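Just below is one structure, and these are the notes that go with it.
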Amino acid sequence: MNSIRHDFRSDTVTKPSAGMRAAMTAAEVGDDVFGDDPTVNLLEQKMAGLVGKEAAVFVPSGTQSNLLALMSHCERGDEFIAGQNAHLYKYEGGGAAVLGSIQPQPIAHRPDGTMDPKDIEAAIKAPGDSHFAITRVIALENTFGGRVLPLDYMHEVGAIARKHGLGLHLDGARAFNAVVRLGVGISEFAQPFDTVSICLSKGLGAPVGSVLVGHRHLIDKARRYRKMLGGGMRQAGILAAAGIYAIENNVGRLADDHRRAKLLADGLMQHKVLKVTAPDTNILWVEAEPELGERLGDYLRDNGVGITGRYGQQRWVTHLDVSDEDIERALDLVDRFLA
Ligand SMILES: *Cc1c(COP(=O)(O)O)cnc(C)c1O
């Protein structure tokens with residue numbers, strides 16, 4: 001147990017609500033490795049339909065979902081292009097290299113979080129030259145650290161991918177946050193991509209799981225690799241039921257998380273010693289002078305408020321278990337500490 005009562009560390013800390021637990025209890029199940037779990041099948045159909053793709057596969061985590069996508073686009077010795085700070089490059093243990101024998105080609109980000117399309121195009125290797133790994137896929141991430149990257153940018157990168165015959169993958173762990181913010185449908189948002197990975201276990205509030213959606217031939221390969229990697233689950237309908245509940249009940253309410261992140265930002269901005277970046281969605285970044293930032297983080301933790309990051313960069317995340325009162329309490333503590 002921890003002593004955090006107001007938990008801004010991540011939207012992964014959400015616990016299944018009573019309604020979600022009831023849906024899990026009531027789920028019809030079967031052996032999903034045999035294709036027999038009706039609730040998993042329903043979640044996959046629903047997600048594919050919503051996102052506007054042919055097929056979907058339910059997987060234990062976002063990390064596995066991204067890995068399956070890369071392995072489905074690439075063969076051994078191929079290459080993927082991704083941002084230098086992309087989750088699937090930097091924060092997934094090098095899985096694509098270790099388990100897929102796929103080489104990353106990281107690209108620097110511009111201050112707005114995008115990669116310069118010119119840099120992407122320049123990094124695509126000439127396929128006829130045997131010096132090079134074969135570039136197969138470009139991966140984008142949206143939201144990226146909570147920031148919404150524009151639709152135009154995704155289409156621009158999509159055009160580069162098509163021009164060079166490459167696949168395009170979206171790490172859409174928080175894609176629903178982006179679409180709620182943009183006010184577009186998820187299928188419009190996902191349109192340029194061959195594969196899209198979406199987390200159910202973040203702001204959507206499910207305890208476990210991600211869904212990878214995309215073209216049927218890629219999802220068929222991903223399903224095979226899921227088994228190979230140990231991600232084939234049996235009566236997983238109990239978990240899929242939470243996912244269905246999440247997409248039916250917890251998407252629209254993401255706007256509340258965004259509103260609360262803004263409330264938090266507005267409060268923290270009152271303090272000149274805190275450099276607050278206005279949040280697009282549910283993730284707020286705050287910079288302070290390192291020693292002050294560390295003391296503030298300790299003070300908040302001692303008073304039951306959890307945030308992540310130290311030495312200057314703090315991350316505050318809002319989610320369905322953060323209320324207006326949690327925001328007030330946190331801001332009150334910051335005011336007292338800095339008074
Ligand atoms: C959380 C996250 C993942 C990985 O999901 P896990 O379920 O934690 O493995 C991938 N990409 C992004 C952008 C994420 O935020």
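Whatever order the structure lists ligands and atoms in, that order sets their numbers, starting from 1. Since the structure is predicted, the reported quantities are computational estimates derived from the model, not experimental observations.
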Ligand 1 versus Thr63, non-hydrogen atoms closer than 4.0 Å: side chain, backbone, both, neither? both

Salt-bridge test for Arg253 and Asp257: reply yes if a basic N is under 4.0 Å from a carboxylate O, no otherwise. yes

For ligand 1, indicate whether the residue Asn66 contacts it via side chain, backbone, both or neither (heavy-atom separation under 4.0 Å). side chain

As an exercise, identify every atom of ligand 1 less than 4.0 angstrom from a heavy atom of Gly62. 4 (C), 5 (O), 6 (P), 7 (O), 9 (O)

Residue part near ligand 1, for Ala173, under 4.0 Å between non-hydrogen atoms: side chain

Check ion pair Lys262-Asp266 (N to O, under 4.0 angstrom): yes

Looking at ligand 1, is there an atom of it that comes within less than 4.0 Å of some heavy atom belonging to Lys202? yes

Worked check of ring pair (Phe, Tyr, Trp, His ring centres under 6.0 Å) between His109 and Phe144: CA-CA 11 Å; His109 298 277; Phe144 177 63; 4.5 Å; yes

Can you confirm, on distance only, whether ligand 1 has an N/O atom lying under 3.5 Å from any N/O atom belonging to Arg174? yes

Is it the side chain (CB and beyond), the backbone, both or neither of Gln64 that lies under 4.0 Å from ligand 1, heavy atoms counted? neither

What are the atoms of ligand 1, with element, lying closer than 4.0 Å to any heavy atom of Ser61? 7 (O), 9 (O)

May I ask you to list the atoms of ligand 1 that are less than 4.0 angstrom from any heavy atom of Glu141? 13 (C)

Between Arg336 and Asp332, is there a side-chain N and carboxylate O pair less than 4.0 Å apart? yes

So if you build clusters from Ile, Leu, Val, Met, Phe, Trp, Tyr with side-chain heavy-atom gaps below 4.5 Å, do Val137 and Ile102 land together? yes

of all protein heavy atoms, closest to atom 11 (N) of ligand 1 is Asp171 OD2, 2.6 Å

Does Glu79 pair with Arg136 as a salt bridge, N-O distance under 4.0 Å? no

Determine whether a donor-acceptor pair (N or O, by modelled atom type, separation under 3.5 Å) exists between the side chain of Arg223 and the backbone of Ala56. yes

